[in-house]
Amino acid sequence: MKALKQSSVQPVVTAFAIWFVHFMMLWAASEIWPHQWTANALAWAFTAIALLAVGVHCVRLKARHADGELPGWSYRVARGAVAIATAAVVFTALPSVVFLP
């Protein structure tokens with residue numbers, strides 16, 4: 001029995017899912033603790049975790065590409081998604097740095 005081959009869209013979805021979860025966690029923290037240091041501290045912690053997750057995802061992408069599991073065009077699209085997700089994570093956390101309570 002052959003194992004199912006992973007979709008070439010999965011790496012893109014993973015990158016944007018990391019950003020989405022990060023965005024929702026920051027939004028929830030800002031709604032629970034509006035204009036408080038707790039929300040800012042959580043935003044910085046969630047941002048560090050999200051950037052770490054994006055970095056791990058990027059390393060896994062490189063490994064899949066090196067193993068030949070991810071074709072060249074899929075790899076380039078996935079790297080673009082990782083770049084967009086990284087920028088989105090950073091810019092989502094930017095208000096917690098600019099608007100300190």
Side-chain angles (χ1 to χ4, degrees):
M1 181 174 177
K2 281 186 157 182
L4 290 175
K5 190 173 183 180
Q6 283 188 329
S7 170
S8 61
V9 184
Q10 181 264 339
V12 174
V13 173
T14 301
F16 290 134
I18 292 168
W19 167 75
F20 177 73
V21 170
H22 174 260
F23 176 81
M24 293 307 292
M25 297 300 285
L26 265 62
W27 177 76
S30 69
E31 287 295 316
I32 294 170
W33 298 284
H35 309 291
Q36 294 181 19
W37 278 104
T38 307
N40 283 15
L42 285 174
W44 300 332
F46 293 150
T47 300
I49 292 168
L51 290 175
L52 180 65
V54 169
V56 168
H57 178 58
C58 189
V59 168
R60 288 184 180 168
L61 279 178
K62 288 179 184 179
R64 281 185 62 191
H65 180 64
D67 291 341
E69 296 176 25
L70 202 58
W73 69 272
S74 294
Y75 178 62
R76 286 190 293 275
V77 171
R79 280 191 353 199
V82 166
I84 292 169
T86 302
V89 165
V90 170
F91 282 113
T92 303
L94 193 60
S96 70
V97 175
V98 175
F99 301 116
L100 295 174

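Annotation for Ala39 and Ala29: closest pair CB-O, 3.6 Å, computed over non-hydrogen atoms. Pairing each heavy atom of Pro11 with each of Ala78, the nearest pair is CB-CB, 3.7 Å.
To the nearest 0.5 Å, atom OH of residue Tyr75 and atom CZ of residue Arg64 are 11.5 Å apart. Separation of atoms CD (Gln10) and OG (Ser74) is listed at 11.0 Å; rounding is to 0.5 Å. To the nearest 0.5 Å, atom CZ of residue Arg76 and atom CG of residue Leu61 are 13.5 Å apart. With rounding to the nearest 0.5 angstrom, the CD1 atom of Ile49 is 9.0 Å from the NE2 atom of His22. Atom NE2 in His35 sits 10.5 Å away from atom CG in Asn40 (nearest 0.5 Å).
In this structure, the side chains of Val89 and Phe46 stay at 4.5 Å or more apart for every pair of heavy atoms. Side-chain atoms of Val90 and Thr47, non-hydrogen and from C-beta on, never get closer than 4.5 Å to each other. Counting heavy atoms from C-beta outward, His57 and Val82 have side chains that approach closer than 4.5 Å.
Both Met24 and Leu51 belong to a common hydrophobic cluster when Ile, Leu, Val, Met, Phe, Trp and Tyr are linked at side-chain heavy-atom distances under 4.5 angstrom. Note on Ile84: it does not cluster hydrophobically with Phe91, by side-chain heavy-atom contacts below 4.5 Å among ILVMFWY residues. Grouping the Ile, Leu, Val, Met, Phe, Trp and Tyr side chains by contacts below 4.5 angstrom, directly or via other members, places Met25 apart from Phe16.
Applying the side-chain hydrogen bond (donor to acceptor under 3.5 Å, both in side chains) test to pairs two or more places apart or on separate chains, those with a residue in residues 91-101 are Trp19-Thr92, Trp44-Ser96.
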